[in-house]
Amino acid sequence: MTLRQTKMFLPTLREVPSEAEIISHQLMARSGMIRQLVSGVYTYMPLGHRVLRKVQQIVREEMDRAGAQEISMPAIQPAELWQETERWDAYGPELMRLKDRHHRDFVLGPTHEEVVTSLVRDNINTYKKLPINLYQIQTKFRDEVRPRFGVIRAREFIMKDAYSFDTTREGLDQSYEDMYNAYKRIFTRVGLNFRPVEADAGAIGGKGTHEFMALSDIGEDTIAYCDSCDYAANLEKAEVVFKAVETNQTEEKSLEKVSTPGVKTIEQLVGFFGKGADSFIKAVAFHVDGQLVIALVRGDHEINDIKLKNMFDANVVTMASDEELIAHGLTSGFIGPINVSDKVQVVADIAVQNMVDVICGANEADYHFANVKPGRDFQIARTGDLRNIQEGDECPRCGGEILFARGIEVGHVFKLGIRYSEKMGAKFLDENGKEKPMIMGCYGIGISRAVAASVEQNHDENGIIWPWTIAPFHIHLIPVNVKNDEQRMLAEELYEKLQNAGFEVLLDDRPERAGVKFKDADLIGIPLRVVVGGKAAEKQVECKVRKTGEAQDLHVDAVLNYLNEKSAELIAECQ
RNA sequence: CGGGACGUAGCGCAGCUCGGUAGCGCGCACCCUUGGGGUGGGUGAGGUCGCAGGUUCAAAUCCUGUCGUUCCGACCA
C-alpha cells in the first residue's frame with residue numbers, strides 16, 4: 001500500500017459533483033472516497049475502501065466476540081430458493097433478477113435468509129450442533145425504486161448479515177440479546193451518535209425487532225424518544241398512551257347537519273367553524289386486504305397505517321381509490337362514519353370514542369355533521385391505537401415527554417422465529433428425538449451506509465472529521481514545501497518514526513502549495529495533522545487536531561508523546 | 001409509478017429564445033514565478049454538444065422518440 005499522496009489514487013474535487021445533494025455524498029465524492037458508476041452504484045476508491053475496511057474490522061471483532069462465525073455466501077442465488085419461501089413473488093421488483101445461458105432464473109441476493117437456511121438445513125439436523133450464528137460481510141443488491149442520498153440508499157451496497165439458529169424461543173431471545181449488545185458496541189466503537197429503537201416487524205414477521213438509528217436530520221425515519229428514560233421507537237411503532245380528556249359537558253346536543261361548501265381538509269374546517277383541530281374527526285378510507293375500512297382519528301392526529309394493518313393482522317393496506325369511494329357511496333373530502341354501507345367497516349383510534357360534540361363528514365358533498373357523539377350517532381367496530389405519536393405526548397414507559405428526531409437506519413435486529421425454517425424444512429431432532437423447526441433470528445448492518453452516516457454526523461464547512469477508529473489514516477504528515485531539503489528530510493524522518501510507532505500515516509509529498517495541501521487535508525479529514533514547515537531547520541513542527549483545530553508547535557522529539565496523548569483522547573471518544 | 005429539472009472537455013457551467021467557425025472557469029501537460037490556507041503569468045492538449053430519427057442549403061440550437069442523471073411525491077427488508 002502506497003501511503004504517499006504522489007503515488008496514491010486520491011483524486012479530490014474542488015467542486016461538488018452535480019448529482020450530489022446531501023453533505024455526506026458531496027464530501028465522499030469530493031474527498032475521493034467514491035465515484036458513481038450509475039444511479040445507486042458506486043466504486044470505493046482507496047480512501048473510501050480503507051474506511052470500509054475499518055468498519056468491517058470492528059464488525060468482525062464484535063461479531064466474533066459474540067460467538068458468531070464468519071462465512072461467505074454467494075451473491076448469485078437460484079430462483080428455486082426464493083420460490084420455496086414465496087419471496088420470488090413477494091419481494092417484487094426490488095429483487096434483481098437475471099437468467100443464465102440456459103434461461104434458468106437467478107437473483108442477485110438482497111439478503112440471505114434463503115441461502116443460509118438451505119445451508120443449515122442440509123448440514124445440521126441435531127440439537128447438539130445448535131445454537132449457531134453465521135455471518136458474512138458482502139455486497140447486496142436491491143433495485144430501489146429511488147436510489148438517493150449517495151451510498152445511503154444505494155442499489156448495490158455492503159452489508160453485514162448474520163443469522164442465528166436456535167432450538168428454543170428462549171435460546172433465540174439470548175441470541176437476539178447477544179446481537180443487540182454486540183451492535184451497541186459496534187456502533188459505539190465506530191463513533192456514531194446512535195440510538196436503538198423499537199420498530200415494527202413489517203413483512204418479514206416476528207415479534208421483537210430493533211433498529212439502530214444514526215441520529216441525523218437527513219434520516220428517512222422519524223424516531224420518537226423519551227426525554228427522561230431510554231425509550232425510543234420508530235414513529236411507525238411508538239405506542240400511544242391514551243389519556244381521557246375531562247369534559248364538563250352536561251347537556252347533550254343533538255346531531256345537526258351543516259352546509260360546508262367546499263370545506264374539505266381539517267385546516268379548512270378549523271377556519272370554517274372557528275374551532276380547534278381536536279373538535280373534528282378525521283376519517284380516511286383504506287383498502288385492507290380487500291375490505292373497505294374507514295379509520296377515524298381526532299382531527300389533530302395522524303393515522304398510522306401500520307397500526308391499522310396490525311389491527312387487522314392484514315397483509316396489504318392501501319389508501320382507497322376514488323373509484324372505491326364512489327362504489328361505496330363515499331365522497332372524498334366529506335367522508336364520515338355516519339350512514340355508511342354495511343360493507344364498510346368503521347374503526348377508530350382510542351381517543352375518538354369519548355369525544356363529544358364533534359364535527360365529521362356527512363358522506364355527502366358539501367355537508368358535515370355537528371354535535372356528533374360516537375356510540376350514539378354511529379357504531380365503532382374496533383377501537384385501538386391507530387395514530388402516530390406526537391411530540392409532547394406521554395412516554396409509554398415512564399410518563400416522560402416524547403420528542404422527535406430523525407435517524408438513518410444503520411442496523412436492524414429481528415426475531416424471525418420459524419418463518420423461514422418451516423417453509424424450507426430446516427428442522428432438527430431434539431433430546432427426545434422429536435423433529436422441530438429451527439428458530440431463527442437475523443441481524444443486519446449497513447456497512448457502507450454507516451460510513452455515510454458517520455460523514456453526515458462528523459464534518460464541518462471544510463470537510464470530513466473522521467472518528468479515530470474508522471479514519472482512513474491516523475496522521476496526515478504535510479511538508480509545506482517539498483522542494484525545501486530540510487522540510488522534506490524531516491518529514492521523511494517523521495514518516496518512518498510515526499509508522500514505527502504504529503500510526504497509519506499519509507504523507508503529502510506532492511509539490512503543491514501549502515494552501516492546496518491544507519484544503520485537501522481538511523477535506524479528507526484525517527484526525528491528526530503534522531505540518532513540517534519553516535521551522536524545520538530548528539526541528540520544530542506543528543501538530544494540529546482536525547476536530548478542534550487546536551494546534552501547537554513542538555520539537556520533533558516531543559511529537560510522539562503529543563500524538564500518543566491526543567490519539568488516546570480521540571480513541572476515548574469511541575468507547 | 002406520477003410530476004418537475006437537467007444531459008455541451010475529467011469537474012462546474014455558458015451558448016439554445018432568434019439555426020450559420022463550440023466557449024468560459026477549474027483541473028491536466030510544459031516553461032517562468034511564488035513558497036504556511038486552493039500564488040501570478042505564458043504556451044498547449046483535450047469535445048461524435050447523451051443517442052436515434054426528422055425539418056433545413058445548414059442543427060448544440062427547431063421537432064419527435066429514446067436513454068441517462070437528478071429532485072419532489074407515492075412506495076420501501
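Each chain gets a letter, A, B and so on, in the order its sequence line appears, and its residues count up from 1.
Residue A:E15 places a side-chain atom within donor-acceptor reach of the base of B:rG25, judged by atom type and a 3.5 Å distance cut-off alone. Counting distance only, with no hydrogens placed and no angle test, the side-chain atoms of A:D522 and the base atoms of B:rG37 include a donor-acceptor pair under 3.5 Å. Judged by atom type and distance alone, A:K483 reaches the base of B:rG35 through a side-chain donor-acceptor pair under 3.5 Å.
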Base contacts versus sugar-phosphate-only contacts with protein, heavy atoms under 4.0 Å: please encode nucleotides 71-76 of chain B as B, S and - from 5' to 3'.
BBBBBB

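Taking atom C1' in both B:rC32 and B:rU17, the straight-line distance is 45 Å, to the nearest Å. When the P atom is compared between B:rA58 and B:rC67, the two are found 29 Å apart, to the nearest whole Å. Taking atom C1' in both B:rG47 and B:rC13, the straight-line distance is 15 Å, to the nearest Å. Annotation: B:rG42 and B:rG54 have their C1' atoms spaced 47 Å apart (nearest Å). Comparing the P positions of B:rU33 and B:rU69 gives an interatomic distance of 48 Å, to the nearest angstrom. Going from the P atom of B:rG10 to that of B:rU48 covers 9 Å, rounded to whole Å. As rounded to the nearest Å, B:rA60 and B:rG20 have C1' atoms that lie 13 Å from one another. For the C1' atoms, the distance from B:rC24 to B:rC30 is 22 Å, rounded to whole Å.
B:rC26 is paired with B:rG10 under the criterion used here, namely a Watson-Crick or G-U wobble arrangement in which both key atom distances are under 3.5 Å. Remark: B:rC75 base-pairs with no nucleotide; criterion is Watson-Crick or G-U wobble with both hydrogen-bond distances under 3.5 Å. Base pairing annotation: B:rG35 forms no Watson-Crick or G-U wobble pair, as no partner gives both donor-acceptor distances under 3.5 Å. Across the strands present, B:rU66 finds its partner in B:rG50; the criterion is a Watson-Crick or G-U wobble pair with both atom distances under 3.5 angstrom.
In summary, A:R121 and A:E84 engage in a salt bridge, as defined by a charged side-chain N under 4.0 Å from a carboxylate O. The existence of a salt bridge linking A:E550 and A:K566 is confirmed by a sub-4.0 Å separation between a basic side-chain nitrogen and an acidic carboxylate oxygen. Checked for salt-bridge contact, A:R529 and A:E542 miss the test: no charged N lies under 4.0 Å from a carboxylate O.
A:N484 comes within contact range of no nucleotide atom at all, as no heavy-atom separation falls under 4.0 Å. Residue contacts for A:R35: at a heavy-atom cut-off of 4.0 Å it reaches no nucleic acid atom on any strand shown.
Atom-to-atom, CD of A:E512 to C1' of B:rU39 comes out at 12 Å; the value is rounded to the nearest Å. For the pair A:R513 CZ and B:rU34 P, the interatomic distance rounds to 10 Å; values are reported in whole Å. Distance A:R155 CZ to B:rG68 P: 9 Å, rounded to the nearest Å. Rounded to whole Å, atom C1' of B:rC26 lies 7 Å from atom CZ of A:R14. A:F518 has its CZ atom 7 Å from the P atom of B:rG37, to the nearest Å. Look at NZ on A:K519: it is 15 Å from C1' on B:rC26, rounded to the nearest Å. In this structure, CD of A:E409 is placed 10 Å from P of B:rA77, rounded to the nearest angstrom. Atom P of nucleotide B:rU70 and atom CG of A:L37 are separated by 12 Å, given to the nearest angstrom.
Under 4.0 angstrom from either OP1 or OP2 of B:rG36 there lies no side-chain N or O belonging to A:Q487. For A:S18, no side-chain nitrogen or oxygen approaches OP1 or OP2 of B:rU70 to under 4.0 Å.
In this structure, A:Y180 and A:Y176 have parallel ring planes: the angle between them is below the 30° cut-off, well short of the 60° mark.
Side-chain contact annotation: A:S24 with A:Q26, donor-acceptor N/O pair under 3.5 Å absent. Defined by atom type and a distance below 3.5 Å, a donor-acceptor pair is missing between the side-chain atoms of A:H476 and A:K517. Judged purely by distance below 3.5 Å, without hydrogens or angles, the side chains of A:Q136 and A:S72 never pair a donor atom with an acceptor atom. Counting only N and O atoms by type, the side chains of A:R406 and A:T222 include a donor and acceptor under 3.5 Å apart. Between the side chains of A:E19 and A:H25, no donor-acceptor pair is found at a separation under 3.5 Å. Checking A:N133 against A:Q69 by side-chain atom types alone, no donor-acceptor pair falls below 3.5 Å.
Within residues 527-535 of chain A, the residues that place at least one heavy atom under 4.0 Å from RNA chain B are, in residue-number order, A:R529, A:V531, A:G533, A:G534. Within residues 540-555 of chain A, the residues having any heavy atom closer than 4.0 Å to RNA chain B are, in order of number, A:E542, A:K544.
A cation-pi contact, defined as under 6.0 Å to the ring centre and within 45° of the axis, links A:R97 to A:W88.
Under the side-chain contact (heavy atoms from CB on, under 4.5 Å) rule, A:P479 has a single partner from A:L507, A:N484, A:V530, A:V531, which is A:L507.
A:Y443 has its ring centre no less than 6.0 Å from the ring centre of A:H412. A ring-centre distance under 6.0 Å is not found for A:F286 and A:F312.
Sequence order on RNA chain B of the closest nucleotides to A:R510 and A:S39 puts A:R510 first from the 5' end.
Taking the side chain of A:V516 as heavy atoms from C-beta on, and the options B:rU39, B:rU69, B:rG36, the nearest nucleotide is B:rU39.
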